[in-house]
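All residue numbers in this chain count up from 1 along the given sequence.
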Amino acid sequence: MSHLFSVVRIIVLMTFLFCSSNLAGGQGEQEPYAGIGEFYRSNGVPGLCGQVMNVEGKMARIRGFIDRDNIFDRKNYPNLPYEKFRVSDGKSGDSIEVWGVSEDNSAIFEKLFRNKGLADKEIFVSGVVSGFDMPIMGTCRRGVRLEVKDPDNIFFK
């Protein structure tokens, strides 16, 4: 009986260690949420007009604060062909547009409106980076935006 108890203890301990190492490994593989200025510097944004940047098409995780004056959804602006909001980086003054790209973005924007009055709470967003050219006064730069499909890719702390 004591031999059986020892075997069970070993199996339970091995299972616990295996699960713990998988959880830790999963956490370590995820990129941390970067401030927008940090994200721009580490990815060479803005880029050269017409040239796709390495970060385009990849998942990115950013953090910042909602720009309460730059939230545009179809419920409040029914004539707009897009739905987007701006996230600002309190440290560098940089900002990034986050575009809702699902068939129905209402859950994303409901989440934003529920939390937009909480100025001291940071927003954390993960999405796919897409690039676009920005002609500006005779020159051109390539910028990026974050595309989000699911409200679960947004949370506040």
Side-chain angles (χ1 to χ4, degrees), residues 15-16 18-137 140-157:
T15 302
F16 175 75
F18 176 76
C19 290
S20 297
S21 68
N22 278 345
L23 287 174
Q27 294 288 340
E29 293 170 10
Q30 290 184 347
E31 292 292 318
Y33 286 84
I36 299 159
E38 174 187 355
F39 171 75
Y40 284 169
R41 282 187 303 280
S42 65
N43 290 292
V45 177
L48 299 175
C49 219
Q51 293 186 9
V52 176
M53 293 180 278
N54 290 335
V55 72
E56 290 182 51
K58 296 181 181 171
M59 286 293 294
R61 297 158 54 101
I62 59 110
R63 70 178 195 278
F65 299 91
I66 295 177
D67 180 345
R68 292 188 226 54
D69 296 327
N70 283 292
I71 301 174
F72 300 101
D73 66 325
R74 288 203 181 99
K75 183 176 178 182
N76 292 304
Y77 301 92
N79 295 327
L80 289 178
Y82 52 79
E83 293 182 286
K84 65 180 181 176
F85 61 96
R86 184 176 297 276
V87 175
S88 298
D89 187 335
K91 298 174 188 167
S92 68
D94 291 316
S95 63
I96 189 168
E97 287 185 348
V98 180
W99 288 50
V101 293
S102 68
E103 288 290 319
D104 181 8
N105 295 310
S106 59
I108 291 170
F109 286 90
E110 286 170 11
K111 192 173 205 176
L112 291 177
F113 286 119
R114 277 195 313 268
N115 290 282
K116 87 172 197 173
L118 307 171
D120 60 334
K121 282 203 172 189
E122 243 183 329
I123 184 171
F124 295 79
V125 183
S126 59
V128 176
V129 178
S130 69
F132 60 95
D133 290 337
M134 304 178 291
I136 304 170
M137 298 177 64
C140 187
R141 295 304 236 173
R142 187 149 182 94
V144 295
R145 64 178 158 240
L146 209 54
E147 296 180 349
V148 177
K149 289 185 179 181
D150 191 324
D152 291 340
N153 291 347
I154 299 170
F155 68 92
F156 296 84
K157 269 191 184 175

message: side-chain contact (heavy atoms from CB on, under 4.5 Å), that's the test. Do Ile123 and Asn115 meet it? Break it down for me.
response: CA-CA 9 Å; Ile123 184 171; Asn115 290 282; over 6 Å; no
Full working for side-chain contact (heavy atoms from CB on, under 4.5 Å) between Val128 and Met59: CA-CA 4 Å; Val128 176; Met59 286 293 294; 3.7 Å; yes
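- You'll find the side chain of Phe39 stays beyond 4.5 Å of the side chain of Leu146, heavy atoms only.
- Of the inter-residue distances, the one linking Asp89 atom CG with Phe65 atom CZ reads 8.0 Å to the nearest 0.5 angstrom.
- A salt bridge (charged side-chain N to carboxylate O under 4.0 Å, His left out) check over residues 50-59, counting only residues at least two apart or in different chains, returns the pairs Glu56-Arg142.
- Side chains of Asp73 and Asn76: a donor-acceptor N/O pair is present below 3.5 angstrom, by distance only.
- If you take OH on Tyr77 and NZ on Lys84, they are separated by 11.5 Å, rounding to the nearest 0.5 Å.
- More than 12 heavy atoms of other residues, nucleotides or ligands lie within 6.0 Å of NZ in Lys111, so this atom counts as buried by the packing criterion.
- Expressed to the nearest 0.5 Å, how far CZ of Arg141 lies from CG of Leu48 amounts to 6.5 Å.
- Under the 3.5 Å distance criterion, the side-chain polar atoms of Asp133 are matched with a main-chain donor or acceptor of Gly50.
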- request: Quick one: do Val101 and Glu83 satisfy side-chain contact (heavy atoms from CB on, under 4.5 Å)? Show the steps, please.
  value: CA-CA 8 Å; Val101 293; Glu83 293 182 286; over 6 Å; no
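- Atom SG in Cys140 sits 10.5 Å away from atom CD in Gln51 (nearest 0.5 Å).
- Ion pairing between Glu122 and Lys157 fails under the 4.0 Å rule for side-chain N and carboxylate O.
- For Arg61 and Tyr33, the positive end sits near the middle of the six-membered ring, less than 6.0 Å away and at most 45° from its axis.
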field: Intermediate values then yes/no, side-chain contact (heavy atoms from CB on, under 4.5 Å), Phe109 and Lys75
entry: CA-CA 9 Å; Phe109 286 90; Lys75 183 176 178 182; over 6 Å; no
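- Relative orientation of the Tyr82 and Trp99 rings is tilted, given thresholds of 30° and 60° on the angle between their planes.
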